[in-house]
Asks: 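Starting off with a structure, shown below.
So that the names make sense, note that chain A is the first sequence line, chain B the second, and so on, each numbered from 1.
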Amino acid sequence: MGFLGKGLFQGMAVTARNFVGSYFDKERMVTVQYPEERVQVPENSRTFPFLVFDNTADHMRCVGCKICEEECPPQCIYIVMDRDENGKPLQRPKVFDIDISVCMQCQICVEVCPFEAIKMDNNYEKSQYDRFDDLVERLPDLLKSNEYYNHIKPAEASAVDAKLKAEADKKAKKAAPAKAAPKPAAPKPAAAPAPVAGRLVIPEDAPFTPEQRAWLAGFLSSAGAVAGPATAPVESAAVELPAVEEAAPDTEAAPAVDTPWHDPGLAMPQRMDLAKERPLADKLMAAMAQTDCHACGYDCRGYADAIAGGAESDLSLCLPGEGETAGMLEQLMKEAGKV
Amino acid sequence: METIYQLLQTWLPNLPEPIMRLISFAVPILFVISVFPGIFAYTTLIERKALGRIQNRLGPNRVGRWGLLQPIADGMKLLTKEDIVPRKADKFTHFLAPVIAVIPSVMLFAVLPVGSGLIPVNLNIGILFVFAISTGSVLALFMGGWASRNKFSLLGAMRAVAQVVSYEVPMVLAALVVVMATGSLSLLTIAQAQSGGFLNISNWFVFQPWGFVGFVLFMIGAMAESARTPFDIPEAESEIIAGYHTEYSGFKFALFQLGEYLASIALAGVTVTMFLGGYNGPGSHLPYVGWLISMGWFFSKMMGVIFIVIWIRGTWPRVRVDQLMSFAWKMLLPMSIINIFAAALYHFMPSKFLAWVVTAVGLLICWWGLAKLNSDGEIKKRTYRYAN
Amino acid sequence: MEAIETIRDAVVEAVSGAQVEIIPSTPAAAQPALLVDREHVFAVAQLFKEDARWQMDFCSCVTAVDYLPKDDKPGHIEVVYHLYSVARKQGPVVLKVRAPRELEQCRVPSLTPLWRGCEFQEREAYDLYGVTFAGHPDLRRILMWDEFTDFPMRKDYEPPADYEWEPTPHDSTLDRAKVAGGVVPPTALEEKKK
Amino acid sequence: MIQPVADTRPKGLIETETLEVSIGPQHPSTHGVFRMNATLDGETVVALKPVMGYLHRNHEQLAERMTWLGSMPYTDRLDYFNSMANNWAYALSVEKLAGIKVPERAEYIRVIMTELTRLLNHICLVGFLLQDLGAWGTPLLYAFREREKILDLFETVSGSRMMCNYFRFGGVRVDLDDKSLALAREITSKFPKFLDEFEKLLSGNEVLLARTQRVGILPKELAINASITGPMARASGVEYDIRKVDKYGLYGTLDFRVPLGEVGDVYDRYYVRVLEMRESVKILNQVLRDVPAGPFVAPEVKLRNFKVPAGDGYGRIETPKGELGFYLVSDAQGKLPYRYHVRPPSFINLTILEDMCLDHKVADVVIILGSVDIVLGEVDR
């Protein structure tokens, strides 16, 4: 042991160096003078989720499929699908609440969203005066434009945009031959309470991006064409086939069948009516919400096949279909004597 | 005080005697209670700033330029805070304790020579007065701790009493060497004894070996007396929350702080007077401006001592209560006694240079020997082995 | 470490009367466990700790699992011990012991006398599952408060509807909020009505 | 309830009464809401019972209601200083159950992140310990400054400073880009210099030596028997580091040493951590040197509807605080964990708190608790 007190003075030398150094060396400083100076947050930084829309707030990407609600670990998301007066899902949320006093900023909702609709904000100044309602973000609070997204996270957003564009292009290209086919003559079910004319054409107010709209138009027209009177070219069905497969890579080759009910705009009775004469798998599929949201882990076709084939025993996986679908599935399975 | 009285007598001989007396009382009192609380307020600011800088922060900088109004803001905040008295506390004692804490601390300033010929009261037993009064604060600490009816307060109070009483002894003995050297208990005489020499500096007692040791011992004692890190165990926040003032809030808490800071400022002043030459410094003996320069010297030296105390607070951990005791009784007390002998030896040696060397070496050896004697052999740096 | 069958045989041989059964883990994890009857688990554990072949001086993890009655099989609470050896740097040996779910009979011998490290973990298992460890020096609740009467980790535990509601109660939460007489923000109720 | 303690003190001339003090749950140095019911004789501790559970949120039951992935962000909140290490422990356990192979690049990233976590945990622990010793925040703030740099890296990579939620079954969530790698290299290269300064401030300080040496001694045998793990066990001389024993991840291929203490007192616990930081820097240098290219997550692992085959299994890693293990049971459905048990190191390390504190002063209790390195999020779960 050296002289008693040596270590003490060594320590004092260190603090003295820091004392003097703090006047000259900004690197040394621990703190930032917050409201005036701010640390630039990295692009990856995340706080609370928001919903992305394209162009105008009506064109939100969210379709209300409830995947994020299901997956959210602290269950802070609450979604009610928007339906028209006839109870048809409008493919957008009516209520979308995120309770940011519960949200733990884990980003799992972003990861599971198949539509690139929900993203993480990096605004960290969210203090409010009220513990309850002020800390619940409703749909209007949550909606932010794609430009905003591009502004806060340039690299990530441009990657997402490129991906969406590529998908849309692919879909559009696939659908292109079908587009040439004469429109409609869709099998308008007699029981249908006469919706807008040309039901299979997507309504103007439907919440789709132009890309999604283009794809859906192609999709529907091709599907409708096959199901409709023999005016449709045969290859359109063949064209449709790979798209299905691609959407569901983990199901065994889906049978190439026409699926006229695969329209989220149709109500459950209509869809069931369309699938009346079909085999069980098709009926099951018609009971789904037709959003191909993958909330169940499959697309609609794949989930129906999995149930019919016995690979999937859980009938409650269709989130957008809510209780309606689950009930119908159960009924169908009972009818088929499989439960 | 006497000086003012004499000045009044020469300049305003027509003034009635009682008024003259009154003025000569009032001026020093006003000086003490206006200047030193101001110093207290800004010491807190300096402390926070310095600690901030030591820790690479900025310290308070929001109230006023460089946070200069921060002490006022603090005071206002403490004044407006709710005053909480525990339901089962001894209410009267609880109220009295902070008051008692302040009074002795203010009284300490009465005997401090703040400049050449500037001393509020030139008591011929100044040092005795300082020790007598400064011990009084322990009463307040114990009253506060006892009255709060809180176990942590009680622990803090017990610690405070034990600590202050133990450190009194080496502190007094350390001061004794100065008394021996000057032959006076008056602080003014002690300060005057350190004037002269090269630039009014070389005669400071701190430059004698016994003076230096006395200075170190006295500093340690003063720090313990005013419960500053590393001897802040009566209010060790990581162990017993805030010790004796755990149950105090608002302005009572502020009074405790005030008392504590004033005590440490006053003791810094006493340290300066006894060992660091008091108000002496280059230029302090000049006619006409000497009193101003000497005052400047005194206060800047005092702030220097306070800064060292702050610096130590920003660096060292706190000692444990039994270590504190054994340090006082096993290290400081023998050392201060040895120091007395050293001072005597220095006085009687024929050559000053020889005396300087001999006492310095002797004291060093004694310090080292005492450290060796007191270490239990188990506290050491260690080497570590590694497993692969 | 030897194969689990070898260990089982050695244990059965050393502790007379012990009934030891091998329970497989997931195929990938490959940590098969030894299910020992309640009467002999202490002896078996002691064997593992003291026998030079294993020297399991380190009881890493103690926990309980609740298995509800299923089909005709009665339910049970399974206490799982993971033993490792610091001296020989090997492991784990997984010991399991089962007790009936009924509170009075849910008793297993404590291994705290063998491994001090079981002390808090067995207390935790007692606290959350209601397993009484016979021979534990200080069997009190550890995480829940002393006045708590239930065992919250049991699979049939129903949490009382007295917690603080999240700002947007809906669906089942809202129903329970009403049952419990909890304070529900009016906006949420309105929404429910819509 | 605290049991009355039998008075075993020798009956001398002076009979004194004991004083029961509840240190905590609101106390400056219990590192959260932890409480110690201490019985004091003067300043000396004659009995001490830890009381915990103030932060209990039944983490394990929450996990039973959640998908396998859903528990990942919750593991961040166990020991909120080491979210990366907790993530790894959980991911490793699930991978063990499901038999998932992790790509090489992901293993490298995991080691980088976890060793950085070790640095920040240990440096903060030393800061907190010194805070408990009364050093008025100076070492703590120096430590926090370094920690900030590491947290900045974590934020750049994972998006969050403390609640990283970065690991995924079979890899990590996002790739580590070159910029972040460069940042990690910079942090690693500057860290030893900081550590030197830090040690100069502390390691020779006589007050620190006097306060910590021969205080709170934990003998080696008791350490093993009481399942003490991590730096605390190694400070007592227990040669057990899961990185060396299990060789999980890349640790089998890396060159590093495990420092061991001999006395097992607070000073050893402090210094072993300092030495471990130096070894971590060594590991980081090796790993950062040769991060291979490749996928950062096993492609076959699904994010949603991830299922684990029925059965149970126990996976553990060496987190900065000790052995963090997850005992997981999956049932036939496999979608949710049937049982999810955390083996929290800091909880079990508290088992012998009373043994270490007896016959010490109140001031020692505080630093002994500080040297155990607990985080209440993990103790209470």
Side-chain angles (χ1 to χ4, degrees), chain A residues 1-48 100-101 104-105 120-135 151-152, chain B residues 46-62 66-67 212-213 216-217 219-220 223 229-231 307-319 323 326-327 330-332 334-335 363-382:
Chain A
M1 187 163 131
F3 193 72
L4 179 64
K6 188 179 141 216
L8 295 175
F9 290 107
Q10 249 181 22
M12 288 185 71
V14 172
T15 42
R17 214 171 25 246
N18 275 288
F19 178 79
V20 179
S22 70
Y23 285 98
F24 299 104
D25 186 1
K26 202 126 193 352
E27 278 276 288
R28 277 186 187 274
M29 299 308 272
V30 186
T31 51
V32 173
Q33 298 301 302
Y34 163 57
E36 292 93 33
E37 292 172 43
R38 278 154 197 267
V39 176
Q40 172 82 38
V41 290
E43 188 183 325
N44 264 339
S45 170
R46 58 176 201 255
T47 55
F48 294 103
I100 61 170
S101 65
M104 60 180 191
Q105 318 179 349
M120 295 308 270
D121 207 341
N122 60 10
N123 168 25
Y124 48 86
E125 289 162 322
K126 290 240 178 198
S127 45
Q128 299 286 359
Y129 284 101
D130 183 64
R131 234 199 82 191
F132 290 103
D133 284 347
D134 286 355
L135 283 176
H151 174 68
I152 58 167
Chain B
I46 289 170
E47 170 149 24
R48 290 170 67 180
K49 281 289 216 190
L51 281 174
R53 283 298 174 171
I54 281 175
Q55 294 168 357
N56 295 322
R57 297 181 284 115
L58 291 178
N61 65 347
R62 292 290 152 134
W66 304 307
F212 181 74
V213 172
V216 171
L217 295 179
M219 274 282 282
I220 293 173
M223 275 158 69
T229 317
F231 306 110
F307 183 78
I308 290 174
V309 172
I310 294 169
W311 181 12
I312 286 174
R313 180 175 178 196
T315 312
W316 296 352
R318 172 189 309 129
V319 295
Q323 288 166 347
S326 59
F327 186 65
K330 292 182 185 165
M331 286 290 293
L332 296 186
M335 200 60 211
L363 285 168
L364 263 179
I365 289 172
C366 287
W367 177 256
W368 184 77
L370 273 175
K372 265 273 170 281
L373 214 63
N374 282 323
S375 73
D376 45 8
E378 281 167 342
I379 290 168
K380 55 177 189 279
K381 289 203 92 171
R382 295 181 185 158

Asks: Under the side-chain contact (heavy atoms from CB on, under 4.5 Å) rule, collect the residues that match up with A/T31, sequence neighbours excluded.
Replies: A/Q33, B/R57
Asks: Side chains of B/I54 and B/R313: closer than 4.5 Å at any heavy-atom pair?
Replies: no
Asks: Which bit of B/L51 is near chain A, if near means a heavy-atom gap under 4.5 Å: side chain, backbone, both or neither?
Replies: neither
Asks: If contact means a heavy atom pair closer than 4.5 Å, which residues of residues 10-18 of chain A contact chain B?
Replies: A/G11, A/M12, A/T15, A/A16, A/N18
Asks: Not counting sequence neighbours, which residues clear side-chain hydrogen bond (donor to acceptor under 3.5 Å, both in side chains) with A/N123? List them please.
Replies: none
Asks: Taking side-chain hydrogen bond (donor to acceptor under 3.5 Å, both in side chains) as the test, write out the residues that go with A/E125, two or more places apart.
Replies: A/Y34, A/R38
Asks: According to the interplanar angle, ranging from 0 to 90°, do the rings of A/Y23 and A/F19 count as parallel (below 30°), tilted (30 to 60°) or perpendicular (above 60°)?
Replies: perpendicular
Asks: Taking all heavy atoms of A/I152 and all of A/E43, pick out the closest pair and write down the distance.
Replies: O-CG, 4.1 Å
